[in-house]
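If you read the sequence from its start, that first residue is 1, and numbering goes on from there.
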Amino acid sequence: MAPSGSRNVDCWRVLYWIPVLFICVIVAWSYYAYVVQLCIETIENMGEKIVYLLAYHVLFSMFVWSYWQTIFTKPMNPLKEFHLSHSDKELLEHEDRRESQQEILRRIAKDLPIYTHTMSGAVRYCEHCLLLKPDRCHHCSACDKCILKMDHHCPWVNNCVGFSNYKFFMLFLAYSLLYCLFITATDLQYFIQFWTNGLPDTQAKFHIMFLFFAASTFSLSLAFLFAYHCWLVCKNRSTLEAFRAPAFHYGPDKNGFSLGLNKNFRQVFGDEKKYWLLPIFSSLGDGCSFPTCLVNPDPEQPSSPPGHNPSIKSDGESHQFPPKPLRESQSRLISNTQSEGSEDRDKRGTSNPALTIEKET
């Protein structure tokens, strides 16, 4: 017999699917209203009917495909190298002194490609998953796990949007917006005719009129959401980073991961143009490490004046950045943006200060 706590968790998981079910019902009804009531029952011109049906089914197929991928693509979790070993877990649990805990985490983090920390300068350590968080990784309370390059947890897909499915999420927004705009544009003239009693008062009247209101309303909200995420892609930020800038050794920097418009776009959609419009995974990197402006200055940002050292604050406080080799995924992401004379600079990064342990979920 299953414990009551397990049954409660299963009930909550079922409730999480309600927003997805709502979207599926709306989409299924829109299909019936557009295909059957508008195209088959109302439109009399055969050429117009065929063109509308062909274009509609192309958009409908891409919308459903990208929505499916966004929902059922499992979020990627940090690699094994970021997890604490059994011996390290025991050491950390038995140490009461913060200095000793700090030393343990510093030893683990020194060889990992970690360039960010908490706002207080602590190691980004997850006590739930018992791992050092890679850059841009966050613990999702809904999924109860750490998600690579987490953007947000979306109730409309009942899934975390992160490194593994962010491209699918962007295509879902794009195709859903096009889907609604297409319905609004092609339904407009028949909506006007029904509204002005230009067509017989049939069963199709309700479906066509309500379809126009629903599609135009969704178009407006999707347009704002899609525009916002396009801006995030261009700036190479996640939703979480837009609200709280990642903290580097020199301080918070909202443009810390920006590589310029072209590379920012390709980091999400990949280098193969033939895959850009398809909900097929093509994002660059491994989700655990990302090139930063420390190893690849953001061309969108003003260049530093001659003689200015970016590792020195205006108040004269110096920050040292010991060498650390880049991961293969980082090297691939920045390889096309470096000049021939800067190859040696690409191989330098920063080390993790590992000051103190702090909970960050």
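A donor-acceptor pair is defined here as one N or O able to donate and one able to accept, closer than 3.5 Å; such a pair exists between the side chain of D286 and the backbone of S289. Without hydrogens or angle criteria, N159 side chain to T73 main chain gives a donor-acceptor distance under 3.5 Å. A distance-only check finds no donor-acceptor pair linking the side chain of N77 to the backbone of I147 [under 3.5 Å]. Counting only distance, with no hydrogens or angles, the side chain of S66 and the backbone of F63 share a donor-acceptor pair below 3.5 Å. Judged by distance alone, the side chain of S283 and the main-chain N or O of G270 form no donor-acceptor pair under 3.5 Å. K167 places a side-chain N or O within 3.5 Å of a backbone atom of I280 that can act as its donor or acceptor partner.
Cation-pi geometry between R136 and F257 is met: under 6.0 angstrom from the ring centre, within 45 degrees of the axis.
With respect to R107 and D88, a salt bridge is recorded, a charged nitrogen being found less than 4.0 Å from a carboxylate O.
Hydrophobic cluster membership is shared by Y166 and L222, with clusters built from Ile, Leu, Val, Met, Phe, Trp and Tyr side chains linked at under 4.5 angstrom. Connection of W68 to F22 is established within a shared hydrophobic cluster, with ILVMFWY side chains joined at heavy-atom distances below 4.5 Å, either directly or through further cluster members. Using a 4.5 Å cut-off between side-chain heavy atoms of Ile, Leu, Val, Met, Phe, Trp and Tyr, with links allowed through other members, V64 and F226 fall into the same hydrophobic cluster. Grouping the Ile, Leu, Val, Met, Phe, Trp and Tyr side chains by contacts below 4.5 angstrom, directly or via other members, places I50 apart from V36. A continuous path of hydrophobic side-chain contacts links L171 to L225 [ILVMFWY only; heavy atoms under 4.5 Å].
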Using residues 173-182 as the side-chain source, report each donor-acceptor pair under 3.5 Å to any protein atom, sequence neighbours left out, with the distance given to one decimal.
from : atom 1 : to   : atom 2 : distance (Å)
Y175 : OH     : L277 : O      : 2.5
S176 : OG     : F172 : O      : 2.7
S176 : OG     : L173 : O      : 2.9
Y179 : OH     : S30  : OG     : 2.7
Y179 : OH     : Y56  : OH     : 2.6

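If you check the side chains of T239 and D151, you find a donor sitting under 3.5 Å from an acceptor. In summary, the side chains of Y34 and T186 do present a donor paired with an acceptor at a separation below 3.5 Å, with no hydrogens or angles considered. Looking only at atom types and distance, the side chain of N264 has a donor-acceptor partner in the side chain of S258 under 3.5 Å away. A donor and an acceptor atom, one from each side chain of K74 and S164, are nowhere located under 3.5 Å apart.
Side-chain contact between I71 and N158: absent, with no pair of heavy atoms (C-beta onward) separated by less than 4.5 Å. Considering only heavy atoms from C-beta on, R244 stays 4.5 Å or farther from K254 through its side chain.
Heavy-atom minimum distance, L148 versus P134: CD2-CG, 4.0 Å. Between F248 and T116, the closest heavy-atom pair is CE2-CG2, 3.7 Å. Smallest separation of non-hydrogen atoms from A242 and L232: CB-CD2, 3.8 Å. Closest of all the heavy-atom pairs between H153 and C140 is ND1-SG, 3.5 Å. The nearest pair of heavy atoms linking L132 to L112 is CD1-CD1, 3.9 Å. The two residues N165 and Q69 come nearest to each other via the heavy atoms CB-O, 4.5 Å.
Taking the six-membered ring where tryptophan is involved, the planes of F281 and F168 are perpendicular, since the angle between them exceeds 60° and thus also 30°. Between H139 and H128, the angle of the ring planes stays under 30°, which puts this pair in the parallel group of the 30/60° scheme. Between F191 and F212, the ring planes lie parallel to each other; the angle is under 30°, not in the 30° to 60° tilted range.
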Open item on the list: Please determine whether ring-ring contact (aromatic ring centres under 6.0 Å, His included) holds for the pair Y115 and H249, giving the CA-CA distance in whole Å, both sets of side-chain angles, and the decisive distance to 0.1 Å.
Closed with: CA-CA 7 Å; Y115 299 93; H249 308 304; 7.3 Å; no
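For W17, the CH2 atom sits in a packed shell: over 12 heavy atoms of surrounding residues, nucleotides or ligands are nearer than 6.0 Å. Environment of CH2 in W29: crowded, with over 12 heavy atoms of neighbouring residues, nucleotides or ligands closer than 6.0 Å. At most 12 heavy atoms of other shown residues, nucleotides or ligands fall within 6.0 angstrom of atom CZ in F210.
You'll find the ring centres of F224 and H229 outside the 6.0 Å limit. Taking the six-membered ring for Trp and the full ring otherwise, Y275 and F269 have centroids separated by 6.0 Å or more.
Remark: Q189 pairs with E48 by the side chain to side chain donor-acceptor pair (under 3.5 Å) rule, at least two apart or across chains. Applying the side-chain contact (heavy atoms from CB on, under 4.5 Å) criterion to I18, with sequence neighbours excluded, gives L15.
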